[in-house]
Amino acid sequence: MKRIPLCTAAFSAFLVACSPVSARQGPPVPVNVIGESAAIPYARVARLALESDIVLDATIRSVARIAPAEAPGLAPGHVRFYVTADVGALIRANGPLPARVGYLVDVPFDPRGRAPNLKRQRIIAFARAVAGRPDQVQLVTPDAQFTWAPALDQLVRDVVREVIAPDAPPAITGIGNAFHVPGTLPGEGETQIFLQTTTGAPVSLLILRRPGEQKRWALSLGDIIDEAGGAPKPDTLAWYRLSCGLPDALPDTSLQSQDADNAAIAREDYAFVRESLGRCDDGRTG
């Protein structure tokens, strides 16, 4: 069976960039697979990349429509296909993959209410391996397939690099202790908020109040709490971890050691952080 070669050493743990097949020199046909690729938010790409162990750049070779009665969970206004796709590049994978794979995908009807024509479309798909079936993959969500576009391709590769980096920020699971310490001058003070993570790695927030200055905050990834790092830039993995991982408000259990006044300030400072991060737009419906 023909297999896609790896870009670096054989059986490298992850692939971030492979050379696409030479047949892809022409421009892609502008068919809407799932929304406009250029408009896909960073947070959605980050979530899918984190949930995937395979990210494919592929071209759909054949399409078979699945009858609605045989497509449990199909959303209204969508159609389910079984597709086979020729793999042009592995953006992420745990090992080699056959040159052609099959999977199920749900796509919306076009504006005319018809099933879109996906054949020969170049796509990017986020998937997992299927045990015992090397020629099959499973999309991490029923619609985790996007029309290929240069901007999307670059975004996905950038996100994958962040995700597989050794120092990638961990997922946030909750909030530990939080406290506010007033300064010596009126209006001066610092709030420290310690976050809980999947790996147990220390992550904390520092919010600074200084007389005559705008309030500011910083993220610390490590034991040392330092304002030098500042807040994470939008559309980075650190920003995503906070924007999509932090609860809406500080839990009361995090402020048990604080008096009422300091607890109120800590809540205000946390709300300031949440507002500055913005809404999490990662595509979740719940």
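None of the values given here were measured: they were computed from a predicted structure.
Within the model, atoms CG of Leu155 and CG of Asp235 stand 8.0 Å from one another, a figure rounded to the nearest 0.5 Å. Atom NE2 of residue His78 and atom CZ of residue Phe109 lie 9.5 Å apart, to the nearest 0.5 angstrom. With rounding to the nearest 0.5 angstrom, the OG atom of Ser62 is 12.0 Å from the CZ atom of Arg120. Between atom CZ of residue Phe194 and atom OG of residue Ser254 there is a gap of 11.5 Å, rounded to the nearest 0.5 Å. The distance from the NZ atom of Lys119 to the CD1 atom of Ile60 is 11.0 Å, given to the nearest 0.5 Å. How far CD of Glu162 is from CG of Leu50: 9.5 Å, rounded to the nearest 0.5 Å.
Residues Ala49 and Val163 share a closest heavy-atom pair of CB-CG2, 4.2 Å. Between Ala266 and Leu255, the closest heavy-atom pair is CB-CD2, 3.8 Å. A pairwise comparison of heavy atoms in Ala238 and Pro232 identifies CB-CB, 3.9 Å as the closest pair. The two residues Ala129 and Asp53 make their nearest non-hydrogen contact at N-OD1, 3.3 Å. Taking all atoms of both residues into account, the shortest heavy-atom contact from Ser52 to Val140 is OG-CG1, 3.5 Å. Considering all non-hydrogen atoms of both residues, Ser276 and Val273 come closest at OG-O, 2.8 Å.
Looking at Asp135 and Val101, their side chains never come closer than 4.5 Å, going by heavy atoms from C-beta outward. Looking at heavy atoms from C-beta onward, Arg210 lies in side-chain contact with Glu190 at the 4.5 angstrom threshold. Put simply, the side chain of Arg92 does not reach to within 4.5 Å of the side chain of Arg157, judged on heavy atoms. The shortest side-chain heavy-atom distance between Tyr270 and Leu246 falls under the 4.5 Å cut-off. Counting only heavy atoms from C-beta outward, the side chains of Arg100 and Val87 never approach each other to under 4.5 Å. Counting heavy atoms from C-beta outward, Arg209 and Glu188 have side chains that stay 4.5 Å or more apart. Ile193 is not listed as a side-chain neighbour of Trp217, based on a closest heavy-atom distance of 4.5 Å or more. Between Leu97 and Pro134, the closest side-chain pair of non-hydrogen atoms is not below 4.5 Å.
For the residue pair Trp148 and Asp153, a side-chain donor N or O sits within less than 3.5 Å of a side-chain acceptor on the partner. Judged purely by distance below 3.5 Å, without hydrogens or angles, the side chains of Gln145 and Tyr103 pair a donor atom with an acceptor atom.
Distance alone, capped at 3.5 Å, is enough to place a donor-acceptor pair between the Thr173 side chain and the Gln196 backbone. Between the side chain of Ser220 and the main chain of Gly222, no donor-acceptor pair closer than 3.5 Å is present.
Under the 4.5 Å side-chain heavy-atom criterion for ILVMFWY residues, no single connected hydrophobic cluster contains both Leu74 and Val83. Transitive grouping of hydrophobic side chains (ILVMFWY, heavy atoms separated by less than 4.5 Å) keeps Phe179 and Val203 in distinct clusters. Criterion: ILVMFWY side-chain heavy atoms under 4.5 Å apart, direct or through other members. Under it, Ile164 and Val156 are part of a common hydrophobic cluster. One hydrophobic cluster, built from ILVMFWY side chains closer than 4.5 Å, holds both Leu205 and Leu221. Residue Trp239 is not grouped with residue Leu206 when hydrophobic side chains (ILVMFWY) are merged at heavy-atom distances under 4.5 angstrom, including chains of intermediate members.
Between Asp252 and Arg267 a salt bridge is recorded (basic side-chain N to carboxylate O distance below 4.0 Å). Using a 4.0 Å cut-off between a side-chain N of Lys or Arg and a carboxylate O of Asp or Glu, Glu70 and Arg80 do not qualify as a salt bridge.
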Assess whether side-chain contact (heavy atoms from CB on, under 4.5 Å) is satisfied between Leu139 and Phe126, documenting all intermediate values. CA-CA 6 Å; Leu139 299 186; Phe126 298 83; over 6 Å; no
Take Ile124 and Leu56, measure what side-chain contact (heavy atoms from CB on, under 4.5 Å) needs, and give me the verdict at the end. CA-CA 5 Å; Ile124 291 178; Leu56 299 174; over 6 Å; no
Before giving the answer on side-chain contact (heavy atoms from CB on, under 4.5 Å), spell out for Leu48 and Phe146 the whole-Å C-alpha distance, their side-chain angles and the decisive distance to 0.1 Å. CA-CA 12 Å; Leu48 293 173; Phe146 301 87; 3.5 Å; yes
Any chance you could lay out the side-chain contact (heavy atoms from CB on, under 4.5 Å) test for Leu250 and Ile175, step after step, and finish with the verdict? CA-CA 7 Å; Leu250 277 178; Ile175 298 180; 3.8 Å; yes
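None of Asn262, Thr191, Asp261, Asp259 except one satisfies the side-chain hydrogen bond (donor to acceptor under 3.5 Å, both in side chains) rule with His180; the exception is Thr191. For the salt bridge (charged side-chain N to carboxylate O under 4.0 Å, His left out) test with Arg44, the passing option among Asp281, Asp282, Asp143 is Asp143; the others fail.
Around atom CD of Glu275, no more than 12 heavy atoms belonging to other residues, nucleotides or ligands sit under 6.0 Å away.
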